[in-house]
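We name chains A, B, ... by the order of the sequence lines, and we start the count at 1 in each one. None of these values were measured; they are calculated from a predicted model.
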Protein chains: 2
Amino acid sequence: MKLGQATIKDIARELNLSVSTISRALKDYPGINRETKRKVKEVANKLNYRPNAIALSLRKSRSFTIGVIIPEVVHFFFSTVISGIEEIANSRGYNVILSQSNEKLDREISSLETMLTNQIDGVLVSYSKETKSFDHFTRVMDQGFPIVFFDRAPAIPDAVNVMVDDYQGSFDATAHLISQGYKNIVHLAGPKTLKISIDRENGYKDALEQNGFPVNPAHIISCPLGTLEESQELVSALLASLPRRPDAFFSCNDIGAVGAMMACRDAGLRIPLEVGIVGFSDWQFCAMLEPQLSSVSQPGFMMGTRATEILLDIIEKKLDPKIMEQSLVLETKLMERGSSKRF
Amino acid sequence: MKLGQATIKDIARELNLSVSTISRALKDYPGINRETKRKVKEVANKLNYRPNAIALSLRKSRSFTIGVIIPEVVHFFFSTVISGIEEIANSRGYNVILSQSNEKLDREISSLETMLTNQIDGVLVSYSKETKSFDHFTRVMDQGFPIVFFDRAPAIPDAVNVMVDDYQGSFDATAHLISQGYKNIVHLAGPKTLKISIDRENGYKDALEQNGFPVNPAHIISCPLGTLEESQELVSALLASLPRRPDAFFSCNDIGAVGAMMACRDAGLRIPLEVGIVGFSDWQFCAMLEPQLSSVSQPGFMMGTRATEILLDIIEKKLDPKIMEQSLVLETKLMERGSSKRF
DNA sequence: TTTCCGTGCGCAATCGATTCCAAAACACCA
DNA sequence: TGGTGTTTTGGAATCGATTGCGCACGGAAA
């Protein structure tokens with residue numbers, strides 16, 4: 001904040017009026033002389049006056065700022081969500097303050113604490129992979145502080161969540177692979193701390209069973225890191241070890257799917273002829289690969305806009321979290337591309 | 001901001017002390033009885049007291065918040081920069097408020113205005129493609145407000161900039177293509193409103209000339225949109241029209257390079273045998289393509305950290321923008337991969 | 001007993017803007 | 001000229017925390 005910034009006092013001094021008059025004139029209150037208003041605005045303009053939002057926040061006990069806590073910004077899906085959040089927040093006159101936990105619990109906690117200290121009006125959270133207890137959230141929620149969770153829904157009763165239908169997305173992806181004639185479908189699964197991982201795994205399992213395929217535990221590979229190298233190595237090892245070669249991979253994320261793609265290519269397998277691959281999230285690059293990677297598209301931007309709308313409605317008392325629908329589930333869409341289409 | 005939040009007044013009432021005593025006790029000022037301090041802290045804890053940063057901001061005329069204005073979040077490079085900004089800001093006790101201009105000038109202006117109203121201590125800016133006049137920046141800079149520009153350096157004398165060496169990066173990329181024996185190198189150029197576009201084009205031209213190749217104007221293709229489709233179409237058209245077929249493409253961004261890659265593939269050209277391709281930015285997906293895309297890597301995270309360090313140093317008066325080095329130029333690194341290596 | 005000093009604490013101003021409650025200033029009528 | 005009503009403006013409290021100044025109170029020295 002610049003020190004030389006003009007305040008209403010400066011305008012008042014210049015015109016020999018009281019601050020109350022200035023305040024009312026600037027806001028076009030009735031009961032102020034038309035000529036006075038004109039002069040006040042003229043001087044305000046001349047002094048380059050800008051209202052001090054901090055002073056307003058203090059007075060109104062409202063900062064018109066919402067916080068966003070996410071695992072990481074450098075992530076196509078999350079940055080898309082942020083974009084949606086920004087869009088709605090801005091259009092409704094709110095600022096967005098951002099903090100990434102880097103998937104660390106302690107950073108998540110300190111971010112929340114800092115934001116509360118800064119009197120934010122509410123917060124949007126996608127919690128970290130490390131987070132197993134949600135006490136730091138429930139403590140502030142119990143005091144009536146508005147929190148909306150997105151993508152990753154916590155195990156908190158009465159929490160307001162905005163998610164995608166991970167189960168159905170997974171189910172669709174797996175069913176698609178089955179319909180393309182793949183018979184030994186491996187699932188690259190995410191960390192069990194995240195509900196989305198569990199949902200995705202369940203969608204995979206149910207799709208298999210409902211199509212008459214037994215679930216083979218050896219076909220569920222845990223990929224806790226979620227890196228390309230991890231899945232590439234795991235898939236390579238799998239291809240070399242399993243007696244009956246897998247002929248399809250459904251990964252819980254796109255990076256893992258690319259790793260599988262590379263491992264298959266290294267093993268000399270043709271995609272999609274000999275191996276089918278489907279990812280999850282539909283990152284930008286899916287359509288750039290050769291063959292193009294099939295993936296479950298998540299409406300990230302919409303998740304951001306909807307979550308923000310709900311949060312702001314709660315903040316502005318248009319919605320009561322206690323009596324509202326607790327979860328909003330957005331639909332996914334399977335993008336069928338070259339990596340999984342044999343016909 | 002929650003209404004039920006405890007303040008020092010509440011603590012004062014509970015202990016029958018004055019607010020000044022509470023304030024001093026909480027901050028461990030000398031001259032307060034040891035036992036009093038203990039009790040104050042105990043009650044503060046019991047009431048779940050959290051200091052009101054807004055009140056502090058008002059008093060100190062410092063918000064400990066910096067603003068970031070970028071064209072878009074959903075952009076690998078920018079999100080990497082944000083990550084770096086966040087890192088330093090957090091470690092030095094500052095919040096980050098974010099706003100994206102979506103490459104629109106009016107949004108850029110209103111974002112800046114809102115941030116100033118919110119009394120941010122300084123701002124980091126990468127201006128939009130639409131921005132041709134920089135008056136909205138110079139006006140506040142002239143009042144002594146700290147602004148640091150990153151990636152896209154404006155035509156403002158005395159502005160503090162943190163950029164990468166776009167010229168050298170381009171030069172290296174083009175020289176690399178030449179060294180691989182490519183002889184008809186086309187450049188996919190960005191919008192001329194951005195200094196980075198011009199620098200990259202100049203690097204390309206100089207590398208050609210210094211290696212004895214004349215610059216062919218027909219080999220410089222303007223790609224104002226920067227989309228995959230745009231470059232794909234332009235490159236396809238080029239391949240069909242030019243009498244002497246281009247044998248290499250150096251794109252000012254990775255998306256454009258992928259478009260070129262697709263167009264070449266559509267034309268039945270083998271990469272890198274018949275056509276070499278190099279991009280700029282080194283997005284995540286470059287290493288996932290087949291063949292892997294060569295690209296000029298920009299240190300986005302470091303750009304974020306360095307720009308933030310400089311901004312905070314200026315804010316905290318450790319640096320004076322008037323007497324400091326105006327520009328910090330970070331080095332790029334050419335990632336030579338399959339799309340351009342014939343030998 | 002008076003003076004002096006250190007300890008421990010309270011009063012009140014301050015940051016910028018809003019807003020309730022009055023109070024001037026003026027016009028108009030009787 | 002006094003009363004009434006309207007228009008226009010000012011005073012002061014308020015939001016939460018900080019901080020300079022000063023005031024009690026106690027014990028110790030004179």
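- Salt bridge status for A:K46 with A:E42: absent, with no side-chain N to carboxylate O gap under 4.0 Å.
- Across the protein-nucleic acid pair, A:F64 atom CZ and C:dA17 atom C1' stand 14 Å apart, rounded to whole Å.
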Full working for side-chain hydrogen bond (donor to acceptor under 3.5 Å, both in side chains) between B:T131 and B:E108: CA-CA 9 Å; B:T131 308; B:E108 179 174 292; 2.9 Å; yes
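- A:R92 forms no cation-pi arrangement with A:Y94, by the criterion of a distance under 6.0 Å to the ring centre and an angle within 45° of the ring axis.
- An angle of 90°, rounded to 10°, separates the two end axes of the helix from C:dT1-D:dA30 to C:dA30-D:dT1, each defined over five pairs.
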Pairs: protein N or O with nucleotides 25-27 of chain D N or O, under 3.5 Å:
none

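- B:L58 has its CG atom 14 Å from the P atom of C:dT14, to the nearest Å.
- For the pair B:V123 and B:V68, the minimum side-chain heavy-atom distance is 4.5 Å or more.
- Between B:Y127 and B:F137, the distance separating the two ring centers is not shorter than 6.0 angstrom.
- Here B:Y29 does not reach the OP1 or OP2 of C:dT7: none of its side-chain N or O atoms lies under 4.0 Å away.
- Residue A:L56 is classed as a sugar-phosphate contact, given heavy-atom separations below 4.0 Å to backbone atoms only.
- At a non-hydrogen distance threshold of 4.0 Å, A:N16, A:L17, A:S18, A:S20, A:T21, A:R24 from residues 14-24 of chain A come into contact with DNA chain D.
- At a threshold of 4.0 angstrom between heavy atoms, the contacts of A:R50 are confined to the sugar-phosphate backbone, with no base atom among them.
- Distances shorter than 4.0 Å separate some side-chain N or O of A:K9 from OP1 or OP2 on C:dC15.
- Regarding contacts with the backbone of C:dT19, a side-chain N or O of A:K60 is found under 4.0 angstrom from either OP1 or OP2.
- If you measure from atom NZ of B:K27 to atom P of C:dG8, you get 20 Å, rounded to the nearest angstrom.
- In this structure, B:R107 and A:N90 have side chains that are in contact, with non-hydrogen atoms separated by less than 4.5 Å.
- With distances taken from any side-chain atom of B:T7 to the nucleotides D:dA17, C:dG16, C:dA17, the minimum falls on D:dA17.
- The closest side-chain heavy-atom distance from B:S126 to B:F78 is below 4.5 Å.
- No side-chain N or O of A:S83 forms a donor-acceptor pair with one of B:E72 less than 3.5 Å apart.
- The side chain of B:N33 places an N or O atom within less than 4.0 Å of a non-bridging phosphate oxygen (OP1 or OP2) of C:dG8.
- Of the candidates A:I147, A:L112, A:L98, A:L124, A:I69 forms a side chain to side chain contact (heavy atoms under 4.5 Å, CB included) with just one, namely A:L112.
- Two residues are said to be in side-chain contact when any heavy atoms from C-beta on lie closer than 4.5 Å; A:M141 and A:I156 meet this criterion.
- Rounding to the nearest 0.5 angstrom, the gap separating the OG1 atom in B:T308 from the CD1 atom in B:I85 is 4.5 Å.
- Between the NZ atom of A:K37 and the C1' atom of D:dT8 there is a distance of 11 Å, rounded to whole Å.
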